Amino acid sequence: MGVLKHNLVNDRLVSRLLDRRWALNSPDAKINQIMILSRKEDGINGDVTFRNITQPCLGQGMMKKNQSFPSFYVVRDDLLHPLVNGNKARKLDATLPLLEDNDVTDVVTCGGCQSAHTAAVAVSCAERGVRSHLLLRGEEPETLTGYNLVSTLYGNVVYVPRSLYARRKEMLARHAESVAGPNGSVIWLNDIMEASTRNHSFGKQNFSEADPVKCPGKSRKVVVVNEGAGDSVALLGVMRLIQYLSQNHLFGKKQALKVVVDAGTGTTAVGLALGALCLGLPWEVTAVMLADKIDAYKEKEQNLISEFLRSFTSSADSLDPSIVNAETVQWVERSLPRKFGNILKGEVQECQNIARQTGILVDPIYTLAAWDIATKLSQNGDEDTEVVMLHTGGTLGMFGLAQRYRSYFKMSDEDSGYKSNH
Ligand SMILES: *Cc1c(COP(=O)(O)O)cnc(C)c1O
């Protein structure tokens with residue numbers, strides 16, 4: 001790893017990766033510090049009290065801290081946009097300008113019924129006058145809510161039976177062809193990147209040109225974005241966040257950090273780890289596995305990294321090819337593993353406690369898992385390492401959950417209604 005880090009601390013590479021047009025005006029995020037005040041040994045509910053320091057002392061002052069309570073930092077990407085989920089905005093940060101540069105007219109992508117990714121694509125494309133076509137797994141729900149509602153309002157939603165959805169590539173390709181029509185063209189997001197790296201330009205010649213006689217200037221240019229934006233282009237926006245956080249007035253480049261994130265496809269986690277590696281930071285990424293087993297995550301990590309190297313580096317970068325086999329992310333189980341999408345009794349109350357104590361909303365599917373790991377790591381960790389949780393967002397997911405798990409959201413007797421004896 002030492003050699004890799006050394007090779008990768010390559011200013012030219014970093015500037016080639018990150019000096020580009022972005023969708024987000026600035027990479028900034030608010031940072032909060034969460035104090036862990038007490039611990040009773042009474043099970044899952046309310047066993048810890050949190051307090052939010054909304055304007056923590058960062059930069060030089062951070063190192064000199066002398067605190068009597070364990071704490072961790074939260075990077076508030078959940079506040080980036082009201083409808084576009086935090087890490088989805090990061091994953092689209094480099095992608096959206098690329099769509100504009102290539103005069104893309106339509107985007108095709110897919111996701112689960114409450115996919116934050118499809119909602120993010122729908123909103124972001126609409127802002128740019130690009131049509132989005134969203135293939136959602138399963139049947140249309142009776143009541144539309146949460147990310148599903150956002151996808152429906154901003155994009156063209158088609159529900160796909162699970163059996164067809166299982167073969168994603170084929171499904172996406174076929175739908176993209178039908179959107180393009182006989183005179184349009186289809187390209188996959190990663191192919192735009194790889195082609196432009198090969199040509200040493202971000203030119204517009206990546207699409208096969210439509211016949212100008214048969215179809216004068218009206219042909220559709222369709223781009224296919226993978227499920228969850230699991231494309232190597234998505235890593236760039238996350239790396240940009242790492243660069244932002246490593247500034248001296250924030251976490252700096254010398255402070256040892258454990259960065260905790262919840263993982264769906266694992267793309268965000270890999271982007272964080274690659275960012276730290278490329279910038280030569282002593283930061284470690286801990287990703288909580290939510291949707292898959294460890295072998296699947298390790299395979300995705302390797303595929304993403306090799307795709308990344310193909311897309312963004314040339315032989316001139318003299319990168320060690322063994323980086324492909326480097327284990328950049330620490331994949332960990334959540335405290336109580338379960339089938340993805342399920343929530344357990346008591347977890348809604350846990351989210352409620354955190355919300356009431358800190359003003360930060362976490363959800364039981366994704367961000368509660370990262371919050372729990374961040375809490376454990378800061379209680380058990382060593383003094384020299386700070387713990388930083390990336391709050392990936394997911395707020396609107398709560399609406400879908402409140403519909404699906406009605407009984408879990410009912411308040412306890414104690415809290416509900418007016419008390420008759422007052
Ligand atoms: C999509 C999403 C994730 C998963 O991100 P990956 O990059 O696919 O791992 C995590 N948390 C929230 C809140 C999300 O919406």
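For clarity, every value in this text was computed on a predicted model and none was experimentally measured. As the structure lists them, so they are numbered: ligands from 1, and atoms in each ligand from 1.
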Give the atoms of ligand 1, by number and element, whose distance to some non-hydrogen atom of Gly394 is under 4.0 Å. 13 (C)
What is the nearest protein non-hydrogen atom to atom 11 (N) of ligand 1, stated with its residue, atom name and distance? Asp262 OD2, 2.6 Å
For ligand 1 and Tyr366, I'd like to know whether there is a polar contact (N/O to N/O, distance under 3.5 Å). no
Look at atom 2 (C) of ligand 1 and say which protein heavy atom is nearest, naming residue and atom and giving the distance to 0.1 Å. Lys88 NZ, 2.4 Å
Which segment of Thr268 sits under 4.0 Å of ligand 1 when only heavy atoms are counted: both
With nothing but distance in play, are any N or O atoms of Thr367 less than 3.5 Å from an N or O of ligand 1? no
Would you call Ser378 and Ile36 a side-chain contact if the rule is heavy atoms closer than 4.5 Å? yes
Phe399/Tyr147 aromatic ring centres below 6.0 Å: no
Single hit among Arg240, Arg20, Arg21 for side chain to side chain donor-acceptor pair (under 3.5 Å) with Asp93: Arg240
Give, for atom CD1 of Ile242 and atom CG of Leu281, the distance between the pair rounded to the nearest 0.5 Å. 7.0 Å
Find out whether Arg137 and Ser115 are in side-chain contact, i.e. whether some heavy atom of one side chain is under 4.5 Å from a heavy atom of the other. no
Is it the side chain, the backbone, both or neither of Asp363 that has a heavy atom closer than 4.0 Å to ligand 1? neither
Which of the numbered atoms in ligand 1 are below 4.0 angstrom from a heavy atom of Lys91? 5 (O), 6 (P), 7 (O), 8 (O)
Could you tell me whether Ala116 and ligand 1 have an N or O pair separated by under 3.5 Å? no
Classify the contact between His117 and ligand 1 as side chain, backbone, both or neither, using a heavy-atom distance cut-off of under 4.0 Å. neither
Taking the non-hydrogen atoms of Ala263, is any one of them nearer than 4.0 angstrom to ligand 1? yes
Please report which non-hydrogen protein atom sits nearest to atom 5 (O) of ligand 1, along with the residue it belongs to and the distance in Å to one decimal place. Asn87 ND2, 2.9 Å
With Asn52, which residues qualify under side chain to side chain donor-acceptor pair (under 3.5 Å), at least two apart? Asn32
As a quick check of understanding, evaluate side-chain hydrogen bond (donor to acceptor under 3.5 Å, both in side chains) for Asp372 and Thr375, giving each step before the final call. CA-CA 5 Å; Asp372 283 344; Thr375 304; 5.1 Å; no
Any atom of ligand 1 sitting under 4.0 Å from a heavy atom of Gly393? yes
Looking only at protein heavy atoms, what sits closest to atom 8 (O) of ligand 1 is Thr265 OG1, 2.5 Å
Distance in Å, Lys30 NZ paired with Thr54 OG1, rounded so as to fall on 0.5 Å steps: 9.5 Å
With sequence neighbours left out, what residues match Tyr165 under side chain to side chain donor-acceptor pair (under 3.5 Å)? Glu227
Nearest protein heavy atom with distance in Å, relative to atom 13 (C) of ligand 1: Thr392 OG1, 3.3 Å
Between the main-chain N or O of Asp384 and the side-chain N or O of Asp382, is there a donor-acceptor pair closer than 3.5 Å? yes
Look only at interatomic distance and state if Gly264 has a nitrogen or oxygen under 3.5 Å from any nitrogen or oxygen of ligand 1. yes
